[in-house]
There are 2 protein chains.
Amino acid sequence: MIKVLVADDHPLMAQGIKNSLATTAEIQVVAIVSNGKEAIDFLEQNKVDVILLDIEMPEINGIDCAKYILKHNISTKVIMLSMYQEKSIVKMLYDVGVNGYLLKTTTSSVLIDAIIEVQKGDKIFEQNFTDSTSSQSKILNTANQNQKIVKELSKREIEVLKELSKGFTNKEIGENLCISPRTVDTHRTNLMKKINVHNVAGLIRFTYEMGLY
Amino acid sequence: MIKVLVADDHPLMAQGIKNSLATTAEIQVVAIVSNGKEAIDFLEQNKVDVILLDIEMPEINGIDCAKYILKHNISTKVIMLSMYQEKSIVKMLYDVGVNGYLLKTTTSSVLIDAIIEVQKGDKIFEQNFTDSTSSQSKILNTANQNQKIVKELSKREIEVLKELSKGFTNKEIGENLCISPRTVDTHRTNLMKKINVHNVAGLIRFTYEMGLY
DNA sequence: TTAAAAATACGGTAAATACCGTATTTACAA
DNA sequence: TTGTAAATACGGTATTTACCGTATTTTTAA
């Protein structure tokens, strides 16, 4: 009997997962929790073989929760569930050591198979990792590193970044923020250095990927 | 007996909805479809009281599907389901005339109540519409209009847009797509005209808001 | 209080962009 | 087949960026 914990803040989805797994005798959903904190609390007091972990959750998100589980040598196998197939995140999670990554568009049979395979010790990823060498670890860090970068940005820099994303020119931003357009340019230059891009396209991409807009 | 059609491309979620509704005797899930096209086909051949319509779906998305249903005077009541509470979209749908809008974070009991209320003729929205005046219709159109714009873009233009979003310069894009940088510039100009922005920032904002990247 | 970080600002220059127009070839649909 | 849209490309120019540096004031933290 494989004991499974479902961590998802969407009751309907969680219910769907539970019911889909109910058809298989060797799998038992022992509990449903709705955020990462509850998941960790549950794992520390109960034996669970496999946790199905939604990425987008309040309190503690699935990614941080997964990291906690893997860091603290909890024996529970981790399968991530997500709406999206952001390559950088998938690769990051792969390198962090989670045991599987499935999209929420997956079917119950795929999910069941995945749970069984993961329990055996295999890794299940809906995406291929044919590129095995350098590029991987490069992309790995992206999601992580970007968060660090955001923390290093000053208030004013973030303000400028947001204005930039709205499509304003240096001159317009200067007017909006009551500073010289040259100052805006300086901020822009510093932002590009910190974010490690070389034009406004890169800045805006960063803004959207980090949800700063 | 309220006949309900579930339109969702996530089998697990659809299953969850079905099972959550199974507890209520007066509600019957008559079918599950996985995109807007299938939903319309089903509605045209079967009597359905309420359709639960996911917004994010392939082929025909939930929004276009809802519009089709309301436009063609199909008697089926429409409840939208979505992961997000994008105000502009909610308002747009409200004005289009859908009967309800629920988040996927909702519980089964809320969903059951909503179906019953909507069947009675009420409207169920998880969001308030306190702001009533001008700005509304302005925001309303944005989501709509942007979709129209995307449809008017040529294949090549979308390619260029994506390259642009990756931060490449005209020269680099020219090399990547094997065309002259001047051609890229032309595409860029045309894109800005169509999208109605006046710099690369606007183009990239559009790319991200429309999920084209 | 003193050093570091942040926010401000400017000068100069090469590169890139935005915007105007025109024009040819290709492809597809009426 | 014939016209329309798409994709291609170029010329010219004003504006804006990107990038280099320096420098002052303000704020914050040690």
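Below, chains carry the letters A, B, ... as their sequence lines are ordered, and counting in each starts from 1.
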Checklist entry - Given atom CD of B/E157 and atom C1' of D/dA6, what is their separation to the nearest angstrom? => result 8 Å
Next on the checklist: Once you apply a heavy-atom cut-off of 4.0 Å, does B/N199 come out as touching a base, just sugar-phosphate, or nothing?
Outcome noted: sugar-phosphate
I'd like a table of atom pairs between the protein and nucleotides 22-30 of chain C - only N or O on both sides, under 3.5 Å - with the distance next to each one.
none

Item to check | Nearest-Å distance for atom pair NE2/C1', residues B/H187 and D/dC10 | outcome: 14 Å
Next on the checklist: For A/E175, give me all partners under side-chain contact (heavy atoms from CB on, under 4.5 Å), at least two apart in sequence or on another chain.
Outcome noted: A/K171
Next on the checklist: From CG of A/L191 over to C1' of D/dT17, roughly how many Å is that when rounded to an integer?
Outcome noted: 14 Å
Item to check | Most 5' of A/V160 and B/L203 on DNA chain C, judged by nearest nucleotide | outcome: A/V160
Next on the checklist: Taking 4.0 Å as the cut-off, does a side-chain nitrogen or oxygen of A/T183 come that near to OP1 or OP2 on C/dT8?
Outcome noted: no
Item to check | Interatomic distance, A/N196 CG vs D/dA18 P [rounded to whole Å] | outcome: 15 Å
Item to check | Protein-nucleotide distance (B/R188, atom CZ; D/dA9, atom P), rounded to Å | outcome: 16 Å
Checklist entry - Is it true that atom NZ of B/K194 has more than 12 heavy atoms of other residues, nucleotides or ligands lying nearer than 6.0 Å? => result yes
Checklist entry - Can you check side-chain contact (heavy atoms from CB on, under 4.5 Å) on A/L203 and A/I195, steps first, answer last? => result CA-CA 7 Å; A/L203 290 179; A/I195 295 172; 3.7 Å; yes
Item to check | Stepwise side-chain contact (heavy atoms from CB on, under 4.5 Å) test for B/V30 and B/N46 | outcome: CA-CA 9 Å; B/V30 291; B/N46 302 273; over 6 Å; no
Item to check | Proximity to DNA chain C (any heavy atom under 4.0 Å), residues of residues 166-182 of chain B only | outcome: B/T169, B/N170, B/K171
Checklist entry - Pick one: which of B/V78, B/I115, B/D8 meets side-chain contact (heavy atoms from CB on, under 4.5 Å) with B/L52? => result B/I115
Checklist entry - How far apart are the C-alpha atoms of B/V6 and B/V33, what are their side-chain angles, what is the distance that settles it, and do they pass the side-chain contact (heavy atoms from CB on, under 4.5 Å) test? => result CA-CA 6 Å; B/V6 177; B/V33 293; over 6 Å; no
Next on the checklist: Test your reading of the model: is there a side-chain donor-acceptor pair from A/T76 to the backbone of A/V48, 3.5 Å cut-off?
Outcome noted: yes
Checklist entry - Sub-3.5 Å donor-acceptor pair from the side chain of B/E38 to the main-chain atoms of B/S34, do we have one? => result yes
Item to check | Value in whole Å for how far the C1' atom of C/dA5 lies from CZ of A/R156 | outcome: 16 Å
Checklist entry - Between A/L153 (CG) and C/dA6 (C1'), how many Å, whole number? => result 12 Å
Checklist entry - Is a donor-acceptor contact shorter than 3.5 angstrom present between the side chain of A/D185 and the base of D/dC19? => result yes
Item to check | C/dC19 OP1/OP2 closer than 4.0 Å to side-chain N/O of B/H198 | outcome: no
Checklist entry - Can you list the steps and then say if B/R156 with B/I179 is a side-chain contact (heavy atoms from CB on, under 4.5 Å)? => result CA-CA 11 Å; B/R156 199 53 154 180; B/I179 52 178; 3.4 Å; yes
Checklist entry - Rounded to whole angstroms, how far apart are NZ on A/K155 and C1' on C/dT8? => result 17 Å
